[in-house]
Amino acid sequence: MRTEQASPVRLQDYRPPDWLVETVDLDVSLDPKATRVRARLVLKPNPKAAAPAPLVLDGDGLDLRSLKLDGAVLAPELYVADPDRLTIAQPPQRPFRLEIETVLDPSANTRLMGLYRSGATYCTQCEAEGFRRITYFPDRPDVMAVYTTRVEADQADAPVLLANGNMVASGQVPGTARHFATWHDPFPKPCYLFALVGGKLGCVEDRFRTMSGREVELRIFVEPGKEDRCAYAMDALKRAMRWDEEVFGREYDLDTFMIVAVSDFNMGAMENKGLNVFNDKYVLASPATATDADFAGIEAVIAHEYFHNWTGNRITCRDWFQLCLKEGLTVFRDQEFSADQRSRPVERISDVRGLRAHQFVEDAGPLAHPVRPTLYHEINNFYTTTVYEKGAEVVRMLKTLLGPDQFRQGMDLYFARHDGEAATVEQFVQCFADAAGRSLDQFMLWYSQAGTPEVVVNGTYQAATRSYRLEVAQTVPPTPGQPAKEPMVIPLALGLVGRDGSDLALKLADGRRIERGIIPVTKSAEAFDFAELDEAPVPSLNRGFSAPIRLIANLGADDLRFLAAHDNDPFNRWQAVQMLATRLLVDNVAALRAGGTARNDPGFLAALGAIVADPQLEPAFVAQALTPPGEADIAREIGRDIDPDAIFNARSELRAAIGAHLATELSDRYQRLGDNAPYRPDAAGSGRRALRNVCLDLLVAAQHGGAVALAARQYQGADNMTDRMAALAILSLRDVPQRADVLADFYARYAHDPLIVDKWLALQAAIPEPATLDRVKALTVHAAFSFANPNRVRALIGSFTMANQTQFNRADGGGYGFLVDTVLALDPKNPQVAARLLSALKSWRVLEPSRRALAQAALARVAAAPALSRDVSDIAARALGDGKP
Ligand SMILES: [Zn+2]
């Protein structure tokens with residue numbers, strides 16, 4: 001266990017490494033309790049370093065067995081080694097060879113960082129700082145070396161031995177029951193991209209011919225017996241490889257590309273060079289075991305990790321402050337891939353829903369930080385939605401500002417200029433500035449200023465001058481460490497919609513041209529005057545969510561209903577419906593809290609009815625329109641003094657009102673969408689199922705006659721997991737007699753399959769009833785649950801804290817108490833997962849006073865606990881913080 005580190009790491013303190021590593025030769029002899037690692041490093045002084053420097057190598061809990069320099073045992077007085085560091089005070093100031101032998105116990109590694117065992121499989125996870133748990137090394141991304149890895153193991157225990165790159169040798173170890181494989185990766189890489197795997201694994205193989213005609217072997221390794229669940233992942237991989245060639249001109253570079261699925265994994269997946277290691281949740285799928293959302297998630301994560309080969313691996317990050325350089329960019333790339341494979345508007349709506357529900361919430365609370373932070377205590381806590389999803393929005397804005405051609409030129413320049421390097425955000429953005437021949441200095445504020453910009457827009461039409469004035473004012477709210485902000489560059493995509501629903505010509509009175517419908521807002525307040533307009537337009541603002549902002553516009557209910565019916569931009573059609581719903585929900589929350597009743601908005605219901613009845617609209621879009629803003633969205637709109645019960649009740653009543661008002665249309669749509677076609681996890685099929693299941697959900701919410709029985713029939717009769725899970729979710733969230741039956745039936749059917757049991761755990765944790773806390777506590781000792789497996793923990797505890805706002809935020813504080821007990825129990829075993837769980841309290845400051853006091857006391861209990869990990873103490877301290885980062 002690492003102890004709390006007093007001094008934070010700061011971006012401004014960056015300096016180049018004193019020592020570089022040219023080659024790394026690893027010889028890893030796998031054993032469940034005593035794995036021997038021999039590392040031979042060829043080190044040389046960095047010519048960029050200021051002065052002769054000692055050699056300081058990072059370690060984490062290491063057990064050093066021998067140390068040699070240029071082949072000779074190093075005398076003990078010439079070095080200092082403890083579990084967390086190896087220092088040679090006066091190394092030769094020339095290239096030399098260092099041989100380090102350490103012994104590890106992978107079976108005891110519960111943190112799942114470094115070398116560990118998932119079931120009987122040996123695997124590694126080295127990002128961000130896991131390699132130092134394998135051997136002493138300058139564990140920082142700007143030290144890039146060429147790796148050769150020999151892996152040896154008992155033939156019977158681990159018939160499959162894998163590492164990065166191409167296999168160059170393999171064979172038996174004479175006179176033993178052991179065998180070995182040697183892998184060589186010709187591309188210099190930082191140590192966080194190192195990986196090895198050993199185990200009994202089944203394999204699915206395929207091939208891919210790259211655009212220059214090279215043949216690449218594709219191999220997916222899974223637990224034996226699960227090979228038949230890899231087809232979709234393999235197909236997604238091949239589509240991603242082709243797409244990256246066509247859209248970004250990027251070709252794969254090794255002879256083989258491997259994916260290994262393991263069941264114990266802290267994150268989603270890891271882009272180790274040539275050997276991606278995946279949480280099996282993002283590989284294994286068949287129609288009978290996975291939902292449409294699972295298939296879409298697999299497609300996105302397979303693509304994401306593959307795309308890292310260029311954005312992350314070939315060009316990596318100079319330091320961990322630049323994490324968004326690889327993550328934000330690669331999320332943008334996987335979002336674009338999914339948009340091209342599926343429906344672009346629906347993908348955009350779904351990405352923005354996620355951004356608002358998670359990133360906007362993070363940005364508004366004590367854990368807010370810039371896309372590129374300037375300080376951290378524990379880097380594991382910065383794998384956040386701000387770095388990933390807001391980071392992707394920033395790249396998207398670059399494309400929006402520059403247009404597709406200049407954006408592609410900028411990307412090409414980035415690949416040409418920085419291939420093989422560890423780069424910075426400045427270097428990335430400079431490529432676009434050079435390609436476009438314009439300054440992007442002000443744009444850099446998106447990387448340095450935290451907080452969601454608030455943009456107030458007022459439009460006024462003057463018939464006498466046939467002109468329309470749009471006044472735009474922006475502010476960025478204060479965030480920890482950043483009390484005052486400067487105005488941002490906001491690419492505001494705009495349409496002026498005429499009475500007949502068509503877009504009117506955008507002509508600025510001062511003669512400036514508007515390119516691609518984008519107004520570049522750059523000042524804290526400015527006005528845009530549009531000329532030659534014969535009628536008062538309705539403005540359609542921030543089309544396609546062109547900037548990640550909170551928009552406040554003087555649009556009346558009539559304007560929003562008009563946009564919901566006519567906007568040419570599908571995103572803003574959906575957005576108009578959401579704004580109507582949000583206004584109604586905010587009013588109703590206030591009414592319910594004051595002891596009154598929720599009101600109906602016939603105009604809103606009519607707008608929804610028109611969308612449901614429109615045969616031109618794709619079903620997935622209609623499903624999105626019928627789904628009201630989430631509880632987090634409503635809370636964020638209200639902003640303070642949050643009562644989760646009132647929000648939940650207002651939202652439930654709205655769903656019931658929609659279901660009752662549109663019952664005929666929804667029943668009709670439900671029946672017509674039921675087809676007997678074979679299940680396909682494609683966009684069209686999943687869109688139809690999404691709409692059909694939303695219809696069913698709203699009918700049950702409205703207690704429409706026979707709807708519960710319909711859901712029970714769908715549960716029993718479904719021929720795919722999507723429809724079965726949807727029916728189960730609908731029934732499980734309601735106090736109906738069928739609930740206990742279907743939950744028991746589901747477990748009986750799928751008890752043998754942990755990924756499906758996760759769905760069962762998650763649903764029960766989300767039941768919005770007071771008995772749920774006891775149910776969740778009881779499930780923590782169920783045979784299907786294990787605190788050692790992050791997927792189980794996320795399914796049960798994560799679902800309770802994130803997807804069940806009324807019960808997690810119980811008025812008696814029981815939910816918080818349970819979270820704190822869980823975090824403290826888990827912290828010594830897996831601090832990364834414990835810290836992630838604790839971040840569920842990040843919005844405690846906006847709660848109503850009594851819950852706020854309970855949440856604060858819960859956080860204080862964590863902060864005061866002895867022997868906390870750096871991960872958990874950092875989250876607790878910042879969540880409680882005084883506004884400093
Ligand atoms: Zn990534």
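Both ligands and their constituent atoms are indexed starting at 1 by order of listing.
Because its NZ or CZ atom is not both nearer than 6.0 Å to the ring centre of Tyr252 and within 45° of the ring axis, Arg314 does not count as a cation-pi partner of that residue. By the 6.0 Å and 45° rule, Arg333 stacks over the aromatic ring of Phe248.
Under 2.8 Å from the Zn ion (ligand 1) lies no N/O/S atom of Glu271, from backbone or side chain alike.
Remark: Arg408 pairs with Asp412 by the salt bridge (Lys or Arg N to Asp or Glu O under 4.0 Å) rule, at least two apart or across chains. Evaluation of the side-chain contact (heavy atoms from CB on, under 4.5 Å) rule for Ser350 yields Gln624 as partners, not counting sequence neighbours.
Expressed to the nearest 10°, the angle at the Zn ion (ligand 1) joining NE2 in His304 with NE2 in His308 is 90°.
Distances from the Zn ion (ligand 1) to the N/O/S atoms of Glu327 are shortest for OE1.
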